[in-house]
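As structure tokens, the structure follows; a few thoughts come after it.
Counting starts at 1 for both ligands and their atoms, in listed order. Here the structure is a predicted model, which means the values were calculated and not measured.
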Amino acid sequence: MNSQIASSQVSPEGHLLIGGVDSVALAKKYGTPLIVYDVGQIRQQIRKFKQVFEEEKTSYAVSYASKAFATIAMYQVAAEEGAYTDVVSAGELYTALKASFPMERVSFHGNNKSRAELEMAVKNHVGKIIIDNFYEIKLLKEVLQENDSHIKVMLRLTPGISAHTHEYDQTGQIDSKFGFDLNSGQAAKALQEVLAEPRMDMVGIHAHIGSQIFELNGFEMAAQKLMQIASSWREKYGYTAKIINVGGGFGIKYVSSDHPLKPEAFVKAIVETIKQEAAKNDYPLPEIDIEPGRSIVGPAGYNLYQVGSRKDVPGLKPYVTVDGGMGDNIRPALYQAEYETVLANNLKAKEEEHVRIAGKYCESGDLLSADAFLPKTKPGDILAMLDTGAYGYSMASNYNRNPRPAVVFAENGHAQVVVKRESLEDLVRLDQSYQED
Ligand code: PLP
């Protein structure tokens, strides 16, 4: 049996249990493709990130990077667990508002926030705007003046550290579309501009070095670098950063060759580095913020599919086709992301063939898995892809006019639909017919 499945997740009939609920029964009741989250696991991850901060008695914020999965129910769970959250668009902010997420715990990120988005953030009193560029400083200044308002801001910096990860996921290196560059003096100039603006309360600095990171090293370097910048700014400009935010990017296990560290290990390394740097430079210990996205929701998510057609190709791995694909999870097609898959309706069956799991979309690249080791499957079987909770549903599309799947939250043996399946009617809801004059 797949090593990523705990024995407690196997029902007496050999079905996969998610949050104590039979996944095969869920597939039958709500249809497939279906996205199911084990809510207990989401809570657990948030608690693990918080634990070390609590033990170390440091001021902190675990800010859930909601781009990984942004729905009303998810913001509610994050709020219940005392997490903060990052949003990157009016849509995410609107969803957080609908969830009654406490606005003072929201940070607004993004490298091209529109005036309307900044206005929405200011009017709703979000906790912080994480400023990304000079244009944004100017826009925000105007918006604050027009609304006679004040807001806390941070500066996003590109610290020149690129963590060991997939190329598309790197955002901390110098040649990045995000943030202010340090070496050219951009960051110091931004600081001066923000400090000169009485409506902006400059509370700290931020860096995000990449995604799916497995080593402590990158985070230690980023934390050290941010503390060094903070110290030099204190010396040069008399400015003391109250918050150091080292971003997200904590790696998770997708396949057996991934060996992620525990959330506690990442936090410990970050806290220790910042404490050491603070002691070394006689700097007041700042609040430490982190922004995990994938690591909070990724391992808790499962995509359930029903097996349909099969194509055998002489000498090559067969294609087993399912009723979903790149519309509900674009990551394999977009950057060859890999996942493990299990036969959810018979976990005890012995794996006996390597297959390719094809999606139903009209793209040759629509392969959910290039190599899945599975028992022999038949039409109607239910496959569960594991660890699909991050950047799956949030990047879902209606390509080929397929409705997006429903999302179910399962916890303590109970399941609840938290996002309805789109209907065919939903697909044409915004369409207008065309009449020639
Ligand atoms: N913070 C920022 C600024 C990001 O850009 C991202 C992801 O792109 C995250 C946090 C979350 O990263 P992850 O989901 O890998 O933890």
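- There is no side-chain donor-acceptor pair under 3.5 Å between Thr388 and Asn329.
- Note that Arg105 lies in the cation-pi zone of Phe101, set by a 6.0 Å cut-off to the ring centre and a 45° limit from the axis.
- With a 6.0 Å cutoff to the six-membered ring centre and a 45° limit on the axis angle, Lys189 counts as a cation-pi contact of Phe134.
- Annotation for ligand 1: atoms under 4.0 Å from non-hydrogen atoms of Ser211 are 12 (O), 15 (O).
- For a threshold of 3.5 Å applied to N or O pairs, the pair formed by Gly293 and ligand 1 contains at least one separation below that value.
- A donor-acceptor contact under 3.5 angstrom links the side chains of Asp371 and His354, judged on distance only.
- Interface atoms of ligand 1 facing Glu291, defined by a heavy-atom separation under 4.0 Å, are 1 (N), 2 (C), 3 (C), 9 (C), 10 (C), 11 (C), 16 (O).
- Here's the thing with Gly249: one of its N/O atoms is less than 3.5 angstrom from an N/O atom of ligand 1.
- Contact atoms of ligand 1 toward Arg156: 3 (C) (distance under 4.0 Å to a heavy atom of the residue).
- A heavy-atom distance below 4.5 Å is found between the side chains of Glu422 and Asn398.
- Between Glu411 and Arg43, at least one side-chain nitrogen of the basic residue sits less than 4.0 Å from a carboxylate oxygen of the acidic one, meeting the salt-bridge criterion.
- With a 4.0 Å heavy-atom cut-off, ligand 1 is reached by no atom of Ala68.
- Contact check for Tyr239 versus Leu191: side-chain heavy atoms found under the 4.5 Å cut-off.
- For ligand 1, the atoms sitting less than 4.0 Å from at least one non-hydrogen atom of Tyr391 are 7 (C), 11 (C), 12 (O), 13 (P), 14 (O), numbered in the order shown with element in parentheses.
- Arg156 forms no cation-pi arrangement with Phe180, by the criterion of a distance under 6.0 Å to the ring centre and an angle within 45° of the ring axis.
- The number of heavy-atom neighbours closer than 6.0 Å to NZ of Lys253, taken from other residues, nucleotides and ligands shown, is above 12.
- An N or O contact shorter than 3.5 Å links Lys67 to ligand 1 by distance.
- Backbone and side-chain nitrogen or oxygen atoms of Arg294 are examined, and one is located within less than 3.5 angstrom of a nitrogen or oxygen of ligand 1.
- Polar contact with ligand 1: absent for His206 (N/O pair, distance under 3.5 Å).
- Remark: ligand 1 and Ser295 share no N or O pair separated by less than 3.5 Å (distance only, no angle test).
- Near His109, meaning under 4.0 Å from one of its heavy atoms, ligand 1 places the atoms 3 (C).
- Close approach of ligand 1 to Ala65 (heavy-atom distance below 4.0 Å) involves ligand atoms 9 (C), 10 (C), 11 (C).
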